[in-house]
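For reference, the structure discussed in these notes is given below.
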Amino acid sequence: MIKEIIYANLIETLDKLKLSHERDFVVEIPNIAEHGDYSTNCAMVLAKENKQAPRKLAETLIKELKKNKDYKKIEIAGPGFINFHLSPAFFQRIFWEIRRKGMDFGESDFGKEHKVLLEFVSANPTGPLNIVSARAAAFGDTLYRVMKKIGYAPAREFYINDAGNQVDILAESLELRLRELHGEVIGEFPYEGYHGEYVRELAQKINATDGVRVFMMTEKDRMERLKDFALTEILEMQRNSLERFGVTFEGWVSEKTLRAEGVVEEVLSYLTEADCTFEKDEAIWFASSKFGDDKDRVLMKSDGSITYFVPDLAYHLTKLQRGFDTLIDVFGPDHHGYVPRIRAAFRALGHDDSVLEIIFLQQVNLFESGERVKMSKRAGKIVTMDDLIDEVGKDAARYFFIARKANAHLNFDLELALQQNNENPVYYCQYAHARICSIIKNARKAKIWPRTFKKELIKRLNKTEEMNIIQKISDLPELLELIAVNREPYRLSVYVEELAAMIHRYYARYKIVSPKSKELSQARLMLLDTARNVLAIVFELMGISAPEKM
RNA sequence: GCGCCAGUAGCUCAGUAGGAUAGAGCAAUGGACUUCUAAUCCAUAGGUCAGGGGUUCGAAUCCCUUCUGGCGUGCCA
């Protein structure tokens, strides 16, 4: 909010001095304290168009800007930076504004009700969710929460691949386990089959309800029954895992349902009408290479079945039909070969493919005692999302997943996530919140209650540490915009760690509640109470708890 | 082979659409608890931003190239 104020003031001043400002400049927080609270490259950027030397232009600007009493000091530095030192009174005013907003602080209409569809997780319903899905869940959900907070109209969706090859294989695996349960010797389990223990559990479960009836069905009916059963069970399992993780979806879209609605035929006919399909080797192909893909792709296999691509494309088209103007897909690391073909299809059908945005999450490596935890899907040895939540808890898991840029590998240290000390950033940040709660509680003994605080108290806040905290909390609205625009939830963790550090430092240096001055105590407590509130807002966005006691 | 992503302190990572002397945390070393929670704080040390070229007033950031690692390159999803 402060950057915007200074920026607006600069524009106003430029206009007043009849100076040109075609090119855009920035107001930023310098990384060295001596360079002021804020600085701008304004004079450097606008020097050329105003035919003046940067420093000369800066001087002219400063002369005018100095009339504003909110600036304690304005200086020229280096090649023509303008450095602003703000007055305590200005920070105090900003502080009061933030305090008044309470939990609503950070909210805005920045997103202008843009309808954004966030598709994430969308795992195959063939087993428990893995840790990459967990990462996707944390990422997508946090982005959703941030967008929602600043006025977008986002929706979360999970696409269920409940038709096609993989579910057939799942049903076959289940049948084998069921036969095994009945004492049949099944020999070596198929390489491509689902080896996980959960398939055995499913077998027991269906055996309890259906018994031998399954085996009296025709082959076709039996496969249908097994498929339905497995899908329902596994989907329920996945939904539970996600809910434990604090993630819910506005929509669950079933591939099977889409197929039943005839969208597959529709998509095929669209593509054919667009004259970009052809037949070869008894299969129907999409000439995607004409639209930027490396090669052409099969739509209908030679056996008459459809590839994954067709219903998925249909699904994406429904997103457009439903009026979403931005489509964000969060994919795992193994899907980037898929992107050119879906973009190609958008173009082939005359849609602007720039509305489709694909974010790739890189893989997650688990570490325990410094060793990489080896996982093997085939041997059924994977660490699931539930295992992770059981092991380290929702808060730590979500925090660690959010705390990395999407396209960076994530090394997840299980021991670190469990540690309850300063090595663990989750605890460090949550402790700052708990610590403030504790101080507030303590202050009651001195008959000091945050709710009764008056505006006049802000004048007592003038220490550097106090100004720093106010500046940091005032950053939040801009931070949320940056996160939403660049799809970068990880910035929340950077922010919250910085704010927590300032709070701990402040606490260590100053006595907050002191019998010497009730007013000073109240003022400091008021500052911390507001900082606590900002922590709570950020925790809420990250989907982790704000403990009052630790 | 080709394509995508990454490479910043011993480790894990920041670096805010090209800006000022590249920053945190952990680990290391040395300090601070008669205290509102020491789950904390303070100080010291730590760097050829993978290598090499280029673009310009200025590059960790943009372009080219080499090296290293991950992933992709199915009539799987």
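Each chain gets a letter, A, B and so on, in the order its sequence line appears, and its residues count up from 1.
In this structure, the OH atom of A:Y428 is 12 Å from the C1' atom of B:C26, given to the nearest Å. If you measure from atom CG of A:N411 to atom P of B:A6, you get 16 Å, rounded to the nearest angstrom. Taking atom CD of A:E497 as the reference point, atom P of B:G15 lies 12 Å away to the nearest angstrom. The distance between atom CD of A:E415 and atom P of B:C11, rounded to the nearest whole Å, is 18 Å. To the nearest angstrom, P of B:G25 lies 15 Å from CG of A:L416. The distance between atom CZ of A:R343 and atom P of B:C4, rounded to the nearest whole Å, is 13 Å. A straight line from NE2 of A:H433 to P of B:A39 spans 18 Å, rounded to a whole angstrom. A:N41 has its CG atom 8 Å from the P atom of B:G19, to the nearest Å.
Between A:Y490 and B:G15 there is a side-chain polar atom (N or O) within less than 4.0 angstrom of OP1 or OP2. The phosphate of B:U40 (OP1 or OP2) has no side-chain N or O of A:R505 nearer than 4.0 angstrom. Residue A:Y506 places none of its side-chain N or O atoms closer than 4.0 Å to OP1 or OP2 of B:C42.
Applying the salt bridge (charged side-chain N to carboxylate O under 4.0 Å, His left out) test to A:D334 and every residue at least two apart in sequence or in another chain returns nothing. Residues meeting the ring pair (Phe, Tyr, Trp, His ring centres under 6.0 Å) test with A:Y315, sequence neighbours left out: A:Y159. Contacts of A:W449 classified as ring pair (Phe, Tyr, Trp, His ring centres under 6.0 Å), with partners at least two apart in sequence or in another chain: none. Listed by chain and number, the residues in a side-chain hydrogen bond (donor to acceptor under 3.5 Å, both in side chains) with A:T40 amount to none (sequence neighbours excluded). With sequence neighbours excluded, no residue forms a ring pair (Phe, Tyr, Trp, His ring centres under 6.0 Å) with A:H21. Residues satisfying the ring pair (Phe, Tyr, Trp, His ring centres under 6.0 Å) criterion with A:Y38, sequence neighbours excluded, are absent altogether.
Nucleic acid contact class of A:S39 (heavy atoms, under 4.0 Å, all strands): base. Across all strands, A:A77 comes closer than 4.0 Å to base atoms (heavy-atom distances). The residue A:F412 sits apart from the nucleic acid: no heavy atom pair falls under 4.0 Å. A:K405 comes within contact range of the sugar-phosphate backbone alone, with a heavy-atom separation under 4.0 Å but no base atom that close. A:K441 comes within contact range of no nucleotide atom at all, as no heavy-atom separation falls under 4.0 Å.
If you take atom P in B:U65 and the same atom in B:C2, they sit 11 Å apart, rounded to whole Å. Annotation: B:C5 and B:A45 have their P atoms spaced 39 Å apart (nearest Å). For the P atoms, the distance linking B:U48 with B:A9 amounts to 9 Å, nearest Å. Here, B:G52 and B:U61 have their P atoms 12 Å apart, quoted to the whole Å.
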Distances for protein N or O near nucleotides 43-45 of chain B N or O, under 3.5 Å:
none

Protein-nucleotides 16-18 of chain B N/O pairs under 3.5 Å:
residue: B:U16; atom: O4; partner: A:I29; partner atom: O; Å: 2.8

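With its glycosidic angle within 90° of 0, B:A17 adopts the syn conformation.
The two residues A:A484 and A:L143 come nearest to each other via the heavy atoms CA-CD1, 4.3 Å.
Looking only at atom types and distance, the side chain of A:T530 has no donor-acceptor partner in the side chain of A:N533 under 3.5 Å away. For the 3.5 Å distance criterion, the side chains of A:D329 and A:H316 qualify, holding a donor opposite an acceptor. Checked by atom type, the side-chain pair A:Q430/A:D395 shows a donor-acceptor distance below 3.5 Å.
For B:A20, the base is stacked against the aromatic ring of A:F81, per a cut-off of 5.5 Å between centres and 30° between planes.
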Under 3.5 Å, sequence neighbours excluded: what are the donor-acceptor pairs made by side chains of residues 357-365 of chain A?
residue: A:E357; atom: OE1; partner: A:R487; partner atom: NE; Å: 3.4
residue: A:E357; atom: OE1; partner: A:R487; partner atom: NH2; Å: 2.8
residue: A:E357; atom: OE2; partner: A:R487; partner atom: NE; Å: 2.7
residue: A:Q363; atom: NE2; partner: A:N365; partner atom: OD1; Å: 3.0
residue: A:N365; atom: OD1; partner: A:R372; partner atom: NE; Å: 3.3
residue: A:N365; atom: OD1; partner: A:R372; partner atom: NH2; Å: 3.1
residue: A:N365; atom: ND2; partner: A:N411; partner atom: OD1; Å: 3.4

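Of the residues near RNA chain B, A:V494 and A:S438, the one whose nearest nucleotide (by heavy atom distance) lies more toward the 5' end is A:V494. Comparing A:M44 and A:Q362 against RNA chain B, the residue whose closest nucleotide sits nearer the 5' end is A:Q362.
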Review point. How does protein contact run along nucleotides 72-77 of chain B, one letter per nucleotide 5' to 3', with B for base contact, S for sugar-phosphate only, - for none, heavy atoms under 4.0 Å?
Key: SSSBSB
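Judged as a salt bridge (Lys or Arg N to Asp or Glu O under 4.0 Å), the pairs with a partner in residues 491-500 of chain A (not counting sequence neighbours) are, in order, A:K472-A:E498, A:E488-A:R491. Listed by first and then second residue, the ring-ring contact (aromatic ring centres under 6.0 Å, His included) pairs involving residues 510-530 of chain A are A:Y506-A:Y510 (not counting sequence neighbours).
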